[in-house]
Amino acid sequence: MQYMLMPLARYFDFSGRSRRKEYWMFALLNLIIYAIFVTALLAFGYSLDPYGATGGPVMWLVLAVLGIYSLLILIPSIAVQVRRFHDQDKSGWFVLINFVPYIGGLIVLVFMLLEGTRGPNKYGPDPKEGFTRGV
C-alpha cells in the first residue's frame, strides 16, 4: 500500500528516481479506482449504445467525480513516469513519446517495464539501494 500512495505524497516531485514497483503499484491503484467508477456508471444507467439512454443525475454525478479525479491524478501520474525515466538514466522529456499516435503509448509501456540503471546516476541514488525485505 505504501508504494501505491508514494506518488501522491510526491505530487509535484519531478526529480529523483522511482522504482518499477512504485510505478506499477500506482497504476494498479488507479486501475482499481477507475474500475469502481465504471462499475458505478454501468450500475446507474450509463449505456454503451450511443443512441441509448443517457442515465440519470446520479450517473452525471459519477461522471463529474470521475473527471475531477482524472484531473487530480494527472500531475502525479506524469511525475512518477518522469521519475521512472530518470531511473533508466533518461530525460523526463521522454514522457512526450506518449503523444506519438498509435505506438507512443506502447513504447512508453516498454520503457516502464525495463529495469532502471544499477547504482547512482545523474538523477540520484539507486532507489533499490538500502532496501531490505521484511522478514
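Since the structure is predicted, the reported quantities are computational estimates derived from the model, not experimental observations. We count residues from 1, following the sequence as given.
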Q. Within the distance-only criterion (no hydrogens, no angle test), does the side chain of Arg20 pair as donor or acceptor with the backbone N or O of Leu113 below 3.5 angstrom?
A. yes

(Q) More than 12 heavy atoms of other residues, nucleotides or ligands under 6.0 Å from CD1 of Ile103: yes or no? (A) no

Q) Heavy-atom distance under 4.5 Å between the side chains of Phe37 and Ile32, does that happen here? A) no

**Q.** Asp89: partners by salt bridge (charged side-chain N to carboxylate O under 4.0 Å, His left out), with sequence neighbours left out
**A.** none

Q: Check whether any side-chain heavy atom of Ser18 sits under 4.5 Å from a side-chain heavy atom of Asp87, and report yes or no.
A: no

Q: Mind checking the OG1-NZ spacing from Thr117 to Lys122? Nearest 0.5 Å is all I need.
A: 10.5 Å

Q: Please examine the side chains of Ile68 and Leu72, heavy atoms only from C-beta on, and report whether any two atoms are closer than 4.5 Å.
A: yes

Q: Working to the nearest 0.5 Å, report the span between CG of Leu71 and CG of Leu66.
A: 9.5 Å

Q) Does His86 reach the side chain of Val82, with side-chain heavy atoms less than 4.5 Å apart? A) yes

Q: Just say parallel, tilted or perpendicular for the rings of Phe85 and Phe94, cut-offs at 30° and 60°.
A: tilted

(Q) Measuring from atom CG of Leu28 to atom CD1 of Ile33, what distance do you get when rounded to the nearest 0.5 angstrom? (A) 10.0 Å

Q) Do Val95 and Val108 touch side chain to side chain, with heavy atoms closer than 4.5 Å? A) no

**Q.** Distance (rounded to the nearest 0.5 Å) between Ile78 CD1 and Asn98 CG
**A.** 8.5 Å

(Q) I'd like to know whether Arg84 forms a salt bridge (Lys or Arg N to Asp or Glu O under 4.0 Å) with Glu22, so could you lay out the CA-CA distance, the side-chain angles of the two residues, the decisive distance to 0.1 Å, and finally the verdict. (A) CA-CA 9 Å; Arg84 275 297 301 139; Glu22 179 183 345; over 6 Å; no

**Q.** Reported CZ-to-OH distance for the pair Arg83 and Tyr123, which is rounded to 0.5 angstrom
**A.** 14.0 Å

Q.
Can you give me the closest heavy-atom contact between Arg17 and Pro127, atom names plus distance?
A. NE-CD, 3.7 Å

Q. What residues, two or more places apart in sequence or in another chain, satisfy side chain to side chain contact (heavy atoms under 4.5 Å, CB included) together with Ile73?
A. Leu8, Phe26, Asn30, Tyr34, Tyr69, Pro76, Ser77

Q. Quick check: does any side chain N or O of Trp24 sit under 3.5 Å from a backbone N or O of Arg19, one acting as donor and the other as acceptor?
A. no

Q. How many angstroms lie between atom CG of Leu41 and atom CG of Leu61, to the nearest 0.5 angstrom?
A. 10.5 Å

Q | Any side-chain donor near an acceptor of the partner, Asn121 and Gln88, under 3.5 Å | A | no

